[in-house]
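Per chain, numbering begins at 1; letters A, B, ... match sequence-line order.
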Amino acid sequence: DTEVTQTPKHLVMGMTNKKSLKCEQHMGHRAMYWYKQKAKKPPELMFVYSYEKLSINESVPSRFSPECPNSSLLNLHLHALQPEDSALYLCASALGGGEAFFGQGTRLTVV
Amino acid sequence: GIQVEQSPPDLILQEGANSTLRCNFSDSVNNLQWFHQNPWGQLINLFYIPSGTKQNGRLSATTVATERYSLLYISSSQTTDSGVYFCAVLAGGYQKVTFGTGTKLQVIP
């Protein structure tokens, strides 16, 4: 099983809302990632968790708050987003520098 | 950080034609992957290929790590091959996967 599951698939939120994106994998991978992808651009790294600890934060604004409650789950908490934050948010996992597997993404629209 | 450039940026093929996509990277890498992104945004794993050559059906890939490039070959293209192809590399001591600029492929009947 090489599945990474993301929920929800689509999300529309207002600029004053608080919402969360969820990501789950059961492959025993200890590295988990959040990426942001704008239209016609490659995915850009936001955060990396290694063994449930935040190891990379690519200078992401504090309105995005990641959380890794256990080795299978990764959340991205959203608060006070801007319309320019509308994008496809992708979660991935990998086994210590090996092959990475991606979820199907959450398409976020901020209104 | 490492730079990853792909060429060509856009490619239109007649169904049945062959093509070669290229990925150049600016520094040594620990691993390299090729993905196909479908119109719904899903990134589908094609190859995990830090070095050498692999084949899977009509697709094959070659990575020459010492010369810092990788090639993806698509033979007898089909309309379902349309989409964006990305290479992605892992470099350095960090678990940071960096994507290339992408090649948008359109296969027409």
Hydrophobic cluster membership, with links at side-chain heavy-atom distances under 4.5 Å among I/L/V/M/F/W/Y: are [X] and [Y] in one?
X         : Y        : answer
Tyr89(A)  : Ile56(A) : no
Tyr85(B)  : Leu13(B) : yes
Leu105(B) : Leu46(B) : yes
Leu90(A)  : Trp34(A) : no

Option in Ala31(A), Gly105(A), Pro42(A) with maximal non-hydrogen atom pairs under 4.5 Å from chain B = Pro42(A)
Winner by heavy-atom pair count (cut-off under 4.5 Å) against chain A, out of Asn31(B), Leu32(B), Val84(B) = Asn31(B)
remark   = chain A shares the most heavy-atom pairs under 4.5 Å, among Thr101(B), Ile44(B), Leu43(B), with Leu43(B)
task = Would you name the heavy atoms of Lys41(A) and Phe86(B) that are closest together and state the gap between them?
result = O-CZ, 4.1 Å
inquiry  = Using heavy-atom distances under 4.5 Å, tell me whether Gln6(B) contacts chain A through its side chain, its backbone, both, or neither.
reply    = neither
query = Where does Glu44(A) contact chain B at under 4.5 Å (heavy atoms): side chain, backbone, both or neither?
reply = neither
request  = Taking Tyr33(A) for its side chain and Val97(B) for its backbone only, find out whether a donor-acceptor pair lies under 3.5 Å.
outcome  = no
query = In terms of heavy-atom contacts, does OH of Tyr48(B) have more than 12 from other residues, nucleotides or ligands at under 6.0 Å?
reply = yes
task = Count the heavy atoms of every other residue, nucleotide or ligand shown that sit under 6.0 Å from NZ of Lys38(A), and state whether that count exceeds 12.
result = yes
query = Between atom CZ of Phe35(B) and atom CZ of Phe102(A), what is the distance when rounded to the nearest 0.5 Å?
reply = 5.0 Å
